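Reading through the structure tokens given below for one structure.
Being a predicted model, the structure only gives us computed values, none of them experimental.
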Amino acid sequence: MELSKTYNPQEVEKKIYPLWEKSGYFGPNEKADGEPFVIAIPPPNVTGELHMGHALNNTLQDVLVRQKRMEGRPTLWIPGTDHAGIATQYKVEQKLQKEGVSRFDLGREKFVEKVWEWKDQYEATILGQLKKLGVSCDWSRTRFTMDEGYSKAVLTAFKHYWDKGYIYRGERVVNWCPRCHTSLSDLEIEHEEEKTKLYWIKYGPFVLATTRPETKLGDTAVAVHPSDERYRDMVGKKYMIPGVLGEFEITVVADEAVDPAFGSGAIKVTPAHDATDYDISVRHHLPMKQIIDTDGKMMENCGKYVGMTTLEARSAIVADMAEMELIDHIDEGYIHNSSQCYRCHSVIEPIPSLQWFLKMTELVKPAIEAVKSGDIKIIPEQYAGTALHWMENIRDWCISRQIWWGHRLPVWYKQGEISNLKSQISKLENQPSVDDYVVSLESPGEGYAQSEDVLDTWFSSALWPFATLGWPESQENKKLKKQENKATDLERFYPNSINITDRGIINLWEVRMIFSGLEFMGKAPFHTVYINPTVFNREGKRMSKSLGTGIDPLDLIAKYGADATRFGLCYQTTGTPDIKFSEDVLQMAKTFMNKIWNATRFVLMKLDGYEQRGELKFTVNTDADREIQEKFSSLKKFYNDNLEKYRFGQAAEEIYHFFWHQFCDVYIEKTKEQIPFPLPENHDEKLVKDTKDNLLYVLKNCLILLHPIIPFVTEEIYQTLPIDGKKEFLIVEKWTA
RNA sequence: GGGCGGUUAGCUCAGUUGGUUAGAGCGUCUCGUUUACACCGAGAAGGCCGCGGGUUCGAAUCCCCCACCGCCCACCA
């Protein structure tokens with residue numbers, strides 16, 4: 001077969017991928033023994049297309065998976081996608097908004113239908129993109145976090161926690177996104193520095209500093225530090241405070257949470273609309289007065305300010321206070337952190353509402369132990385600290401969300417649900433008793449209505465390493481497999497081997513998989529976590545579609561080919577936490593693909609119709625032979641060592657250097673002497689034959705080593721080599737250790 | 001506010017436990033059309049290894065301080 005003069009990646013990629021898929025080699029080899037190598041893909045959100053982070057993340061996974069497969073281990077890479085609750089719902093809402101429709105216009109059922117349509121479309125796009133990248137997932141096992149089996153797993157987990165007493169419902173001040181209209185967990189909040197005004201307000205006998213004067217309408221106390229001499233005599237007393245809606249009463253309390261160095265050392269306490277103040281109010285049994293509703297607007301108890309947004313109310317109230325000479329002074333340019341929704345970036349309003357929580361303290365203990373003991377190795381190791389720090393300071397997890405896209409809680413109410421969207425004055429004591437609802441996977445029967453709430457999307461992602469393998473397993477399935485004398489997927493492939501992901505979701509996802517795996521399977525879900533670098537653009541800025549700083553991996557694949565894209569990404573993965581992505585490297589990689597291609601053309605030309613027979617061996621006749629043999633053997637050592645340590649960049653650089661500057665520049669040049677052209681009458685037949693074998697030997701073994709990184713071009717070339725006893729595909733060639 | 005990471009050639013980065021003249025790719029310059037490849041070959045220029053101290057016979061590498069950039073965590077209102 002004749003190879004064209006330049007390598008055409010698009011043609012080859014289109015041809016090769018379907019052949020691999022049909023071969024069945026992407027699935028685990030049933031005959032292979034040895035410890036299975038298993039990865040569950042970090043499921044991309046069905047919110048849109050893949051970005052550079054995905055391209056890198058999946059390339060690295062594929063490198064490992066392909067290498068282990070060639071080592072002969074049973075290998076399984078499970079693909080799938082994540083329903084991504086709030087994020088996807090937000091996307092669909094935006095799309096509807098362009099058509100002038102809100103989710104409330106459609107109603108829950110119709111809206112959810114729309115989201116399923118969206119999901120079908122983007123799931124197909126994403127899986128297609130992964131294939132273009134060349135990843136070797138077992139597509140027959142593709143999962144979705146809301147497919148039937150997976151949903152059952154999610155509800156089973158909820159029921160398990162409930163039965164164990166780990167889940168409770170309660171009214172708390174939670175992070176509320178007024179745009180998404182839902183609660184959020186602490187991890188779903190982003191903090192951004194912001195310049196604002198610090199208002200020093202006259203407050204009865206106090207002057208105190210606040211950034212949110214509008215919350216004065218919900219104040220029930222003033223807090224000071226217990227050791228603060230200035231206010232010692234006032235603690236425990238009640239005062240009437242003049243306000244824009246008339247006088248109101250506050251209690252002075254002493255609490256450690258107050259920083260005496262801030263402002264005047266006294267702070268106003270708004271239990272309903274600030275997490276710190278809420279905690280203080282619980283400690284001191286202070287009344288709670290809600291003044292902001294779920295739209296982020298002032299409630300009926302706010303007199304003339306009713307219906308205003310908090311920002312509108314702020315300026316109105318400040319103006320009125322100024323008129324009443326209640327403003328002492330205002331500091332401009334005060335810098336503080338504003339809390340935002342991690343999906344739509346609206347400002348978070350803390351508000352009281354009825355939510356479901358998962359108790360974390362006990363759950364997280366074995367996970368802390370697993371990370372500390374090294375049962376789970378986190379690489380690079382500095383990230384173990386990130387996980388440990390979070391787990392050691394963990395708070396209960398708010399797992400209920402007031403959106404429509406997701407797993408509805410397996411909670412059934414007898415008399416209709418008491419809304420968690422209360423916009424009335426809160427009454428902590430007014431919680432429903434357990435008798436009012438039943439937790440059950442199935443409807444308990446007539447007269448019961450299922451909870452309107454859905455679960456935090458991360459509640460389901462936390463189960464990914466085992467739910468994708470069929471947990472919770474039915475007894476029937478187990479029996480069936482036993483009759484066939486086979487193990488179930490869950491038995492064979494849990495725990496996974498490694499999880500590769502981005503540092504941004506170490507606590508959001510990684511930690512939650514770890515404690516879930518330990519809780520439900522009794523074993524850590526994987527023994528290694530590898531945190532891949534984050535891809536930034538050349539200026540070191542986050543790649544973002546909306547900022548126009550993003551690069552579409554598909555464009556790169558179209559321009560340089562999938563192999564060059566993969567090689568370029570690996571090459572830049574050198575162990576640093578960031579990659580400032582350089583397209584030059586992809587051009588270099590593309591040139592390298594062409595070099596490999598042309599070296600092959602040369603070797604085939606030198607072979608001149610020679611068909612290798614028997615075991616392919618390397619024979620040393622000359623100094624050049626000896627040199628390349630030595631260099632190759634040291635390459636193998638360092639290459640394997642670097643892959644073992646996830647030093648992808650160093651591995652790529654080494655084989656690049658060997659192939660180009662040793663094999664091509666030196667050895668191939670030498671073979672022009674060892675196999676002279678034209679061949680003279682009296683040529684050394686043994687030397688000529690041995691040199692042909694040597695060329696084939698080095699080339700073939702380089703292809704093997706290169707294949708995990710650049711699968712397409714190596715496969716295409718492998719198919720053309722006249723080697724005896726060749727495998728059907730390079731994918732399953734024996735690894736060169 | 002706490003923690004972590006980065007700072008090496010014009011650009012993107014290596015530099016494994018401290019040890020001769022600090023390396024690669026891209027870019028630049030010079031030369032070269034041989035049986036693969038001009039997406040090629042041979043060669044060259046280019047670096048107070050962020051700043052300032054310290055340890056050492058010897059520091060890009062170990063310690064301390066500072067600066068700038070980035071990330072994670074956080075109930076300073």
Side-chain angles (χ1 to χ4, degrees), chain A residues 3 5-7 173 186-187 189-191 198-199 208-213 215 223 255 257-270 273-280 334 336-337 339 350 380-390 392-393 395 502-507 533-534 536 538-542 560 564 568 571-606 608 638 641-642 645 647 649-650 652-654 656-657 660-661 664-665 668-669 671-672 675-678:
Chain A
L3 299 182
K5 204 168 170 180
T6 52
Y7 174 56
V173 169
D186 295 332
L187 286 179
I189 303 302
E190 284 179 2
H191 304 277
L198 184 65
Y199 302 88
L208 39 84
T210 178
T211 55
R212 300 196 62 188
T215 59
D255 196 284
V258 181
D259 175 7
F262 174 80
S264 60
I267 61 165
K268 60 189 219 54
V269 179
T270 321
H273 299 291
D274 184 282
T276 308
D277 293 5
Y278 173 73
D279 290 346
I280 292 175
Y334 179 72
H336 81 142
N337 281 313
S339 304
E381 43 186 44
Q382 69 255 26
Y383 292 118
T386 303
L388 283 172
H389 180 261
W390 187 66
E392 283 165 352
N393 296 286
R395 303 171 70 175
D502 182 84
R503 62 173 181 245
I505 54 175
I506 290 173
N507 296 328
T534 306
F536 294 87
R538 236 182 144 89
E539 285 76 46
K541 296 269 182 286
R542 198 170 268 287
Y560 302 100
Y571 190 90
Q572 295 181 72
T573 302
T574 58
T576 51
D578 298 343
I579 291 178
K580 276 193 258 171
F581 182 76
S582 162
E583 213 172 306
D584 290 350
V585 174
L586 264 62
Q587 182 53 51
M588 176 271 267
K590 184 166 189 259
T591 310
F592 182 43
M593 301 308 116
N594 198 58
K595 188 72 181 178
I596 297 168
W597 187 259
N598 276 293
T600 306
R601 289 180 60 225
F602 176 82
V603 169
L604 290 177
M605 189 184 78
K606 272 296 175 199
D608 191 26
F638 286 115
D641 192 45
N642 277 324
K645 292 174 178 159
R647 292 156 59 92
Q650 286 83 350
E653 205 277 329
E654 267 157 13
Y656 171 90
H657 190 266
W660 198 311
H661 300 300
C664 292
D665 291 351
I668 279 187
E669 287 307 314
T671 61
K672 290 175 183 173
I675 310 175
F677 180 84

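Remark: the A:D186 side chain and the B:rA74 base include no donor-acceptor N/O pair separated by less than 3.5 Å.
Distance A:D274 CG to B:rA74 P: 15 Å, rounded to the nearest Å. A:Y383 has its OH atom 13 Å from the P atom of B:rC4, to the nearest Å. Straight-line distance from the CG atom of A:D641 to the P atom of B:rU17: 13 Å, rounded to whole Å. In this structure, A:E381 atom CD and B:rG3 atom P are separated by 19 Å, rounded to whole Å. Nucleotide B:rC72 holds its P atom 18 Å from the CG atom of A:L388, rounded to whole Å. Regarding A:I506, its CD1 atom lies at a distance of 13 Å from the P atom of B:rG5, rounded to whole Å. The NZ-P distance, from A:K645 to B:rG15, rounds to 12 Å in whole Å. Between the C1' atom of B:rC13 and the CD atom of A:E583 lies a distance of 17 Å, rounded to the nearest Å.
Remark: A:H661 NE2 to A:Y656 OH distance equals 5.0 Å, nearest 0.5 Å. Summarising the geometry, atom CD1 belonging to A:I280 is positioned 4.5 Å from atom CD1 belonging to A:I267; distances are rounded to the nearest 0.5 Å. Rounded to the nearest 0.5 angstrom, A:T211 OG1 and A:N337 CG are separated by 11.0 Å. To the nearest 0.5 Å, atoms CD (A:Q650) and CG (A:N642) are separated by 5.5 Å.
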task = Kindly determine whether A:D274 and A:V173 satisfy side chain to side chain contact (heavy atoms under 4.5 Å, CB included), including the steps that lead there.
result = CA-CA 7 Å; A:D274 184 282; A:V173 169; over 6 Å; no
ask   = Could you go step by step and tell me if A:R503 and A:D578 meet the side chain to side chain contact (heavy atoms under 4.5 Å, CB included) rule?
value = CA-CA 10 Å; A:R503 62 173 181 245; A:D578 298 343; 2.9 Å; yes
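In terms of the side-chain hydrogen bond (donor to acceptor under 3.5 Å, both in side chains) criterion, A:K5 has no residue partners (sequence neighbours excluded). With sequence neighbours left out, A:H336 forms a side-chain hydrogen bond (donor to acceptor under 3.5 Å, both in side chains) with A:E194. Every residue was checked against the side-chain hydrogen bond (donor to acceptor under 3.5 Å, both in side chains) condition with A:Q382, not counting sequence neighbours, and none meets it.
Listed for the A:Q572 side chain is a donor-acceptor partner under 3.5 Å among the backbone atoms of A:G568. Of the possible polar contacts, one joining the A:K606 side chain to the A:I675 backbone as a donor-acceptor pair under 3.5 Å is found. Counting only distance, with no hydrogens or angles, the side chain of A:H191 and the backbone of A:S339 share no donor-acceptor pair below 3.5 Å.
Taking atom P in both B:rA67 and B:rA9, the straight-line distance is 23 Å, to the nearest Å. For the C1' atoms, the distance from B:rU30 to B:rA45 is 10 Å, rounded to whole Å. For the P atom pair drawn from B:rG1 and B:rU20, the interatomic distance equals 42 Å after rounding to whole Å. Between B:rG15 and B:rU61, the two C1' atoms lie 9 Å apart (nearest whole Å). Atom name C1', nucleotides B:rG46 and B:rA24: the rounded distance is 14 Å, in whole Å. Nucleotides B:rC64 and B:rU56 place their C1' atoms 16 Å apart, quoted to the nearest Å. Here the separation of B:rG47 from B:rU7, taken at their C1' atoms, is 14 Å to the nearest Å. Rounded to the nearest Å, the gap between the C1' atom of B:rC40 and that of B:rC4 is 46 Å.
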What's touching nucleotides 67-71 of chain B from the protein side, N or O pairs under 3.5 Å?
from, atom 1, to, atom 2, distance (Å)
B:rC71, O2', A:R503, NE, 3.2

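Residue A:F638 is classed as having no contact, given no heavy-atom separation below 4.0 Å to the nucleic acid. Across all strands shown, A:N507 has heavy atoms under 4.0 Å from sugar-phosphate atoms exclusively, and none from any base. Within 4.0 Å (heavy atoms only), A:I596 reaches no atom of the nucleic acid at all. Nucleic acid contact for A:D279: none, since no nucleic acid atom lies under 4.0 Å from a heavy atom of the residue.
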key: Pairing pattern in dot-bracket form [Watson-Crick, G-U; both distances under 3.5 Å; | = partner strand] for RNA chain B   = (((((((..((((.....[...)))).(((((.......))))).....(.(((..]....))).))))))))....
message = Please encode protein proximity along nucleotides 24-40 of chain B as a string of B, S and -, counting only heavy-atom distances under 4.0 Å.
response = SSS--------BBB-BS
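Each of A:Q382 and A:P260 has a nearest nucleotide on RNA chain B; the 5'-most of these lies closest to A:Q382.
Contact check, A:T386 against B:rG5: no side-chain N or O comes under 4.0 Å of OP1 or OP2.
Atom CD of A:E381 is surrounded by 12 or fewer heavy atoms from other residues, nucleotides or ligands within 6.0 Å.
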